[in-house]
Number of protein chains: 2
Amino acid sequence: MRVTIADVAREAGVSKTTVSRVLNDRADVDSVTAARVREVIGALGYVPSSGAVGLARGRSRTVAMLTPPLTWPWMGEVLQGVVDTVEAAGYGLLLYTCNRGAESVAHFTGQVSARAFDGLLVVEPEGTLETITAMYRRGLPVVLVDDRGHHPDFPSVGTTDREGGASAARHLRDSGRGRPLVVAGPTAFGCVRDRLDGFLGVLPTGLIAEGDFSEESGRAAVERALAGGARIDSVFAHNDLMAAGALRALRAAGLRVPEDVAVVGFDDIPTARHTEPPLTTVRQPMRAMGESAARLLLARLAGEDPPAGPLVLPTELVVRGSAP
Amino acid sequence: MRVTIADVAREAGVSKTTVSRVLNDRADVDSVTAARVREVIGALGYVPSSGAVGLARGRSRTVAMLTPPLTWPWMGEVLQGVVDTVEAAGYGLLLYTCNRGAESVAHFTGQVSARAFDGLLVVEPEGTLETITAMYRRGLPVVLVDDRGHHPDFPSVGTTDREGGASAARHLRDSGRGRPLVVAGPTAFGCVRDRLDGFLGVLPTGLIAEGDFSEESGRAAVERALAGGARIDSVFAHNDLMAAGALRALRAAGLRVPEDVAVVGFDDIPTARHTEPPLTTVRQPMRAMGESAARLLLARLAGEDPPAGPLVLPTELVVRGSAP
DNA sequence: CTGAAAGCGCTTACAG
DNA sequence: CTGAAAGCGCTTACAG
């Protein structure tokens, strides 16, 4: 039924070896022969079986990516950066998510999926780190897009969390704010600690609430602070979702943003420009991070040595109405 | 270096055939033998090569998905629905995007990627339709997640665009609005014509602008209408991005939303609840559409016949502040 | 410049 | 219940 290299060889009157050479653009084929083979390939609509090619070559020209839920507001950017880079290199991308928890991971490591790819890209490895480490030890090239923790063992791509936090603090300080509330993410994450350190180094405060990166937790943190009688003139939230929640709580309490309280977020998700007022935020270059991670992995597959330290891409303060 | 089925067989003192039987849970293996083999598999950390399995079995247990840019606000939901369903069935998902245009498609159809999957899921096939059709004719199972056009030749999953448009119109009419501006998408798309028909059947209007689904085009459409002296009391935009643009233009013109002009969008993207005021919108069940499309494809791969017509999932009017 | 043959790591009749 | 052997569709020394 399906057209194989043998069909092409027979039709073109050459050996499979020669067809294979043409397919792989080897120089040592007579140009007339090559042209004829190419013609037959076109006429027959022949497409090589990637499974067979992979088996024979020992590698699949496919990389896998293990992600948190794809509904995270910034995953689209990361994914697009990865796909573009990987496709441009002629690789395929196999996508896995951990959102079904242990079951997903089990499946991921299980017999069906495994060994189908040459290398692995991981975003936010929490929960899967042991598994990943084991695969890494057995020789699987891995690169982390790691905005959550510090995993010095792996090649990784990150962003300037500390400087990002500091830039938010400088901006608030320079616009005359001195009583900030920080709505932090879970402090177990390395990025959270970095953002906190950077911020506090510029603008020290005792008012620190720990949220869980959800909008609701941002809202609750502000409500608690207000109910506790805290007199704040600004909020720095560790992501835009919590900042949006803070915005709501402030306005619900009758406070004006930015006149009474300025708000700065982190990430610059698509929603950030649509809140009222639009959100000033520390932008993470998610797309560039996806591209860089993919490039790092591809370089690794091409035999290059992994870089000594993590690749760190700069954040950028984006000023909008919530903290002019 | 790498552990193969031969290593397991040798270590367990059985043939490769027996190991293969254990691997595939065939009933006809002595339970003691099976236990021993399983033990060796664990000890050696053996993982089958999916390439070899696929080659031997003639199918890869992998499906591919061809998508528009992953930064589309609702792609995350679709993708998550697909990944969940596909993973649960023990299949892998190969991701391709068309965002680099012709080059992407060429790569997609090219030798490296093709034949690496058993079936294909396509979202918004514009531009790739000829290619897809050709592959479909040659026997590749295909399912469309098609919110843009009408392609009766393919099994597809859609939503109730016409009823969605009608529900927006009924809502506006019932709240006393009679002079709507419709900001439509490109009328070349089947879904746009359906939304328009549904809306106009309930609330006829001559004020119809054609946007391109971008926020900017929504803003421009409203500005033009206002500049032309149109006296409107409501806007129905064919997606939330254009609705958000309309919202901005209206407020910039000094009009109050919803008091002076009510606004209804389409999609219910994450940003919809964060605009000021939050957007009333016709929700598309993107995640369910992704799940259904994947299920349809998997059923097809399992040998089931494709359904006669498209699978149509219901929209739902979500009422928020922009049109209470 | 070209081809015959072995091999990649599995599965699957077939035979026992 | 178990195994030897052929075959899946390619690539790659090796020989000419």
Side-chain angles (χ1 to χ4, degrees), chain A residues 1-38 40-41 44-62 90 92 110-118, chain B residues 1-38 40-41 44-62 90 92 110-118:
Chain A
M1 187 66 224
R2 92 173 267 181
V3 182
T4 73
I5 197 173
D7 300 322
V8 175
R10 189 179 334 106
E11 197 72 21
V14 297
S15 70
K16 293 190 297 176
T17 307
T18 297
V19 178
S20 177
R21 287 196 180 99
V22 173
L23 247 19
N24 295 290
D25 286 318
R26 301 241 184 279
D28 51 354
V29 183
D30 179 85
S31 62
V32 176
T33 311
R36 181 153 37 94
V37 170
R38 264 187 257 277
V40 173
I41 288 175
L44 262 43
Y46 168 66
V47 180
S49 150
S50 58
V53 174
L55 181 58
R57 272 210 275 250
R59 25 189 293 166
S60 60
R61 283 190 86 76
T62 298
Q111 60 160 289
V112 176
S113 61
R115 291 303 177 194
F117 42 84
D118 300 335
Chain B
M1 187 66 226
R2 96 171 263 183
V3 183
T4 72
I5 197 173
D7 300 321
V8 176
R10 187 182 333 104
E11 197 72 21
V14 297
S15 70
K16 293 190 298 177
T17 308
T18 296
V19 177
S20 176
R21 287 194 180 101
V22 172
L23 247 20
N24 296 290
D25 285 320
R26 301 239 184 280
D28 50 354
V29 183
D30 180 85
S31 61
V32 177
T33 312
R36 181 155 36 94
V37 170
R38 265 187 257 276
V40 173
I41 287 174
L44 262 44
Y46 168 66
V47 180
S49 150
S50 59
V53 174
L55 182 58
R57 271 211 275 252
R59 22 189 295 164
S60 59
R61 281 190 87 76
T62 299
Q111 61 160 290
V112 176
S113 62
R115 292 301 177 194
F117 42 85
D118 299 335

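Below, read A as the first sequence line, B as the second, and so on, with proteins coming before strands; counting in each chain starts at 1.
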Look for any protein N or O under 3.5 Å of an N or O in nucleotides 1-3 of chain D and output each such pair with its distance, or none.
from  : atom 1 : to      : atom 2 : distance (Å)
D/dT2 : OP1    : B/Thr33 : OG1    : 2.6
D/dT2 : OP2    : B/Asp30 : N      : 2.9
D/dG3 : OP2    : B/Ser15 : N      : 3.1
D/dG3 : OP2    : B/Ser15 : OG     : 3.2
D/dG3 : OP2    : B/Thr18 : OG1    : 2.7
D/dG3 : N7     : B/Arg21 : NH1    : 3.3
D/dG3 : O6     : B/Arg21 : NH2    : 2.5

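We find that CZ of B/Arg57 is positioned 15 Å from C1' of D/dG7, with the value rounded to whole Å. Here C/dG7 presents its C1' atom at 12 Å from CG of B/Leu55, a figure rounded to the nearest Å. The CD1 atom of B/Ile5 sits 16 Å away from the C1' atom of C/dG7 (whole-angstrom rounding). Taking atom CG of A/Leu23 as the reference point, atom P of D/dC10 lies 8 Å away to the nearest angstrom. The distance between atom CG of B/Asn24 and atom C1' of C/dG9, rounded to the nearest whole Å, is 13 Å. With rounding to whole Å, B/Arg26 atom CZ is found 12 Å from C/dA13 atom C1'.
Taking a pair as Watson-Crick or G-U wobble with both distances under 3.5 Å, DNA chain C forms stems of 3 or more consecutive pairs at C:1-3 with D:14-16, C:5-12 with D:5-12, C:14-16 with D:1-3.
Take A/Arg10 and apply the side chain to side chain donor-acceptor pair (under 3.5 Å) test, not counting sequence neighbours, and it matches A/Asp7. B/Thr18 pairs by the side chain to side chain donor-acceptor pair (under 3.5 Å) definition with B/Ser15, not counting sequence neighbours. Residues meeting the side chain to side chain donor-acceptor pair (under 3.5 Å) test with B/Thr17, sequence neighbours left out: none. By the side-chain contact (heavy atoms from CB on, under 4.5 Å) test, B/Arg59 pairs with B/Tyr91, B/Asp118, B/Leu301, sequence neighbours left out. Listed by chain and number, the residues in a side-chain contact (heavy atoms from CB on, under 4.5 Å) with B/Val19 are B/Ile5, B/Val8, B/Ala9, B/Val14, B/Leu23, B/Val37 (sequence neighbours excluded). Every residue two or more places apart in sequence or in another chain was checked for a side chain to side chain donor-acceptor pair (under 3.5 Å) with B/Arg26, and none qualifies. Shown here are the side-chain contact (heavy atoms from CB on, under 4.5 Å) partners of B/Ala6, two or more places apart in sequence or in another chain: B/Thr4, B/Lys16.
Taking both residues in full, the closest heavy atoms of B/Val22 and B/Ala34 are given as CG2-CA, 3.9 Å, listed atom of the first, atom of the second, then distance.
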